[in-house]
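Note: hydrogens, waters and symmetry copies are ignored here, and every other heavy atom, side chains too, is used. All figures in this text were calculated on a predicted structure; none of them were measured in a lab. Indexing begins at 1, ligand by ligand and atom by atom, following the structure's order.
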Amino acid sequence: MINVPLELLPVLKLLPGEYIFNDGAEVLAGQDNALVVDEKGCFLGKIPISFLNEDIPIRKLHSLVEPVQETIQQNENAVELIEHFKNKEKVVYVTNWENKLIGAVSSDSRVISMLIKMKDNFLFPNIFDAIYEAVLIIDISGSIVYVNHAYTNIVGISGWKILGRKMSEVEPHSSCLKVLKGHSPVINKRYFIESVGVEVLANIIPFYVNGKLEGVVSMFRNVYETINLGHELQRMRGVAEYLHNEEAENKLPEAFDKIVGNNRHFRQALALAANVCNTNATVMLRGDSGTGKEVLAEAIQKSSLRKDCPFIKVNCASIPENLLESELFGYEEGAFTGAKRGGKKGKFELAHKGTIFLDEVGDMSLAMQAKLLRVLQEKEIERVGSSRTIPVDVRVISATNKDLETMVLQKQFRDDLYYRLNVIPIFLPPLRRRKDDIPLLVERFLGLYCKEHGKDKVIVSSEVMNILIDYDWPGNIRELKNVIEHAVILCAWGVVTVEHLPIFFKKHKNNPSAPEWDKESLSEMVEQLEKEAIARALRKYGNKSDAIKALGISRRSFYLKLKKYQMFV
Ligand SMILES: Nc1ncnc2c1ncn2[C@@H]1O[C@H](COP(=O)(O)OP(=O)(O)OP(=O)(O)O)[C@@H](O)[C@H]1O
């Protein structure tokens, strides 16, 4: 907008009211003068609005303008306008008393009379400017008569540069023109705007005044934003569906039965997973180690359309970097020393028509990330040592306990791969945030291990249950499961008491790193602490390799300690 210098206020007082035009550019508000500025942004004077009915030759227009003393400073908008018309003949812009541009007059045949069509409601453009969606309006002659602020944001072109121009010049293949010619309205269709290289999701509809076609309105959003919103919507729908359906628990697919938990946040995650089972959507499971990402990945696969096809798991962290490529994509005979005769299929090939579960995907090197991205984009692989491409049809479920967003910021994880994988993110809460589920999980694991170890029914004492609820569970459900197995094995009389818990729970439930001070000597205390650390690592990681890694000791030293402390795992 053109800023009105204070000294101009007396002039504006001469021109009260708003100038609102109807189709014939008649004055609706009963006012008869518009302010006129020239292409340099200079305030020329006022003009009776009724004179703007026709395409008045500029000479004549000038003679009609009643000069006033003050001038409006040149400002940004005026500069943009001048830019647009600089190669054209002289143009004069018409502003209303608020100095909002409401039209322009030139001897050029393309006289702009934007906003004029918007009779009866001067608020209309203001409302359009407030919305997030781009709005572009063409009139019956195919001229662009209105664009809102969002248009400029999405397309990157200032409205003033295209206002008044024929749509056929700006975007010759525009669907707006087809709709104007009587084609059906367009609802939620993806378009590529060639002139600016932006892909949008558009609704294009004709509008009528008194039953007569007056033009076409196109409303659109950037497709990528829409996709993100779509995903969010899909996620929220999953959640909403669950929350509004008290029976939702029973409606989870059968394959979800082995997943225990009633915690609200956890159920929301399950509801979302259940909702996307039957799609081919790429899912990323997020959550700390041991929160159940792999169990959920299996449940999704077993409830999906691909359930009868292969489910191939790959732990990206446990395969050495130099082998990961051949593991994932296979290799040809003679690709490297030690390569098998006849070559070998990779995990992607094995998963063809089925699902691949990329666990610990955040642990991949950048080089490997680039290769994985290529496969996801091209949907084909190349075996190591071959340039032949093999098409693969694979649904990807990935999982990580890493903070991928920070990794993306720190350039440790490719953002393009992040977006490819993180289409439907499902977050599994850590056990310390769903303590209400501990009794249920304990019950399930007691049953499981009683059966496995041939025991009759075992229950836990209330003291034990309180200890278990009190604990923070850094190893999450995996750790709880291991603790219960330990207790079931030790428990002889059907009730798990504190004695059956790992020693750690008996004495140090609130201070895991404290050594046992009632030991006689320092070496005894160190041994005790060592034993606890090993037991905790095993509980937390569920396998020796990860426990060794976490403890930071050699494999040999680990096994020697197991022997020393008679820990049979
Ligand atoms: N909700 C649950 N109900 C029953 N068992 C569960 C549940 N969540 C996890 N488990 C059990 O806990 C153990 C660890 O689960 P899982 O391997 O799925 O975790 P994860 O998040 O994939 O761990 P990591 O990140 O270390 O790979 C498994 O034995 C699994 O069966």
Side-chain angles (χ1 to χ4, degrees), residues 242 249 252-274 283-303 311-319 355-364 396-404 407 421 425-453 468 471 473-488 536-551 569:
Y242 170 71
E249 185 182 340
L252 289 175
E254 225 180 295
F256 283 55
D257 286 356
K258 64 187 264 197
I259 303 178
V260 179
N262 270 340
N263 171 274
R264 205 170 130 241
H265 300 294
F266 185 65
R267 298 299 300 188
Q268 286 175 3
L270 295 189
L272 173 58
V283 174
M284 183 180 273
L285 304 173
R286 309 285 299 268
D288 293 350
S289 179
T291 46
K293 299 186 290 297
E294 184 171 335
V295 193
L296 184 56
E298 276 172 10
I300 294 174
Q301 192 271 341
K302 282 193 184 132
S303 325
F311 179 57
I312 304 290
K313 300 180 198 175
V314 187
N315 188 317
C316 305
S318 68
I319 303 174
T355 307
I356 194 163
F357 176 50
L358 300 174
D359 202 2
E360 315 284 4
V361 78
D363 291 62
M364 263 188 189
V396 177
I397 302 179
S398 59
T400 186
N401 53 20
K402 293 270 160 68
D403 177 359
L404 281 193
M407 288 179 73
L421 293 175
I426 300 179
F427 290 85
L428 294 181
L431 190 50
R432 66 177 178 281
R433 298 246 171 81
R434 44 178 290 224
K435 288 192 169 186
D436 45 334
D437 275 343
I438 290 178
L440 211 61
L441 284 159
V442 168
E443 198 186 315
R444 171 69 67 99
F445 297 145
L446 283 173
L448 180 79
Y449 289 117
C450 280
K451 204 166 154 200
E452 201 170 309
H453 297 289
L468 298 180
Y471 182 59
W473 300 106
N476 293 296
I477 301 172
R478 179 181 292 118
E479 187 177 6
L480 174 64
K481 204 171 166 183
N482 292 342
V483 166
I484 299 297
E485 181 172 22
H486 179 278
V488 168
R536 286 197 69 205
L538 284 168
R539 282 204 306 272
K540 180 168 176 183
Y541 296 101
N543 66 70
K544 291 178 196 148
S545 301
D546 287 345
I548 293 170
K549 217 156 108 186
L551 290 165
V569 285

Checklist entry - Taking only residues two or more places apart in sequence or in another chain, which ones pass salt bridge (Lys or Arg N to Asp or Glu O under 4.0 Å) with K549? => result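 Partners of K549 by the salt bridge (Lys or Arg N to Asp or Glu O under 4.0 Å) criterion come out as none, since no residue qualifies.
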Checklist entry - Among all residues two or more places apart in sequence or in another chain, which pass the salt bridge (Lys or Arg N to Asp or Glu O under 4.0 Å) test with K302? => result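 Applying salt bridge (Lys or Arg N to Asp or Glu O under 4.0 Å) to K302 gives none.
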Checklist entry - Closest approach of L252 and A274, non-hydrogen atoms and distance? => result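 Minimum heavy-atom contact is CD2-CB, 3.6 Å.
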Item to check | Sorted by chain and number, the residues that approach ligand 1 to under 4.0 Å with a heavy atom | outcome: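 Ligand 1 is contacted, at a heavy-atom distance under 4.0 Å, by K258, I259, V260, F266, D288, S289, G290, T291, G292, K293, E294, V295, D359, E360, L441, F445, I477, R478, K481.
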Item to check | Reported CD-to-CG distance for the pair E479 and N482, which is rounded to 0.5 angstrom | outcome: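 Result: 8.0 Å between the selected atoms.
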Report, one line per pair, each donor and acceptor closer than 3.5 Å where one atom sits in a side chain of residues 254-261; sequence neighbours left out.
none

Checklist entry - Do the ring planes of Y471 and W473 sit parallel (below 30°), tilted (30 to 60°) or perpendicular (above 60°)? => result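 Rings of Y471 and W473: perpendicular, over 60°.
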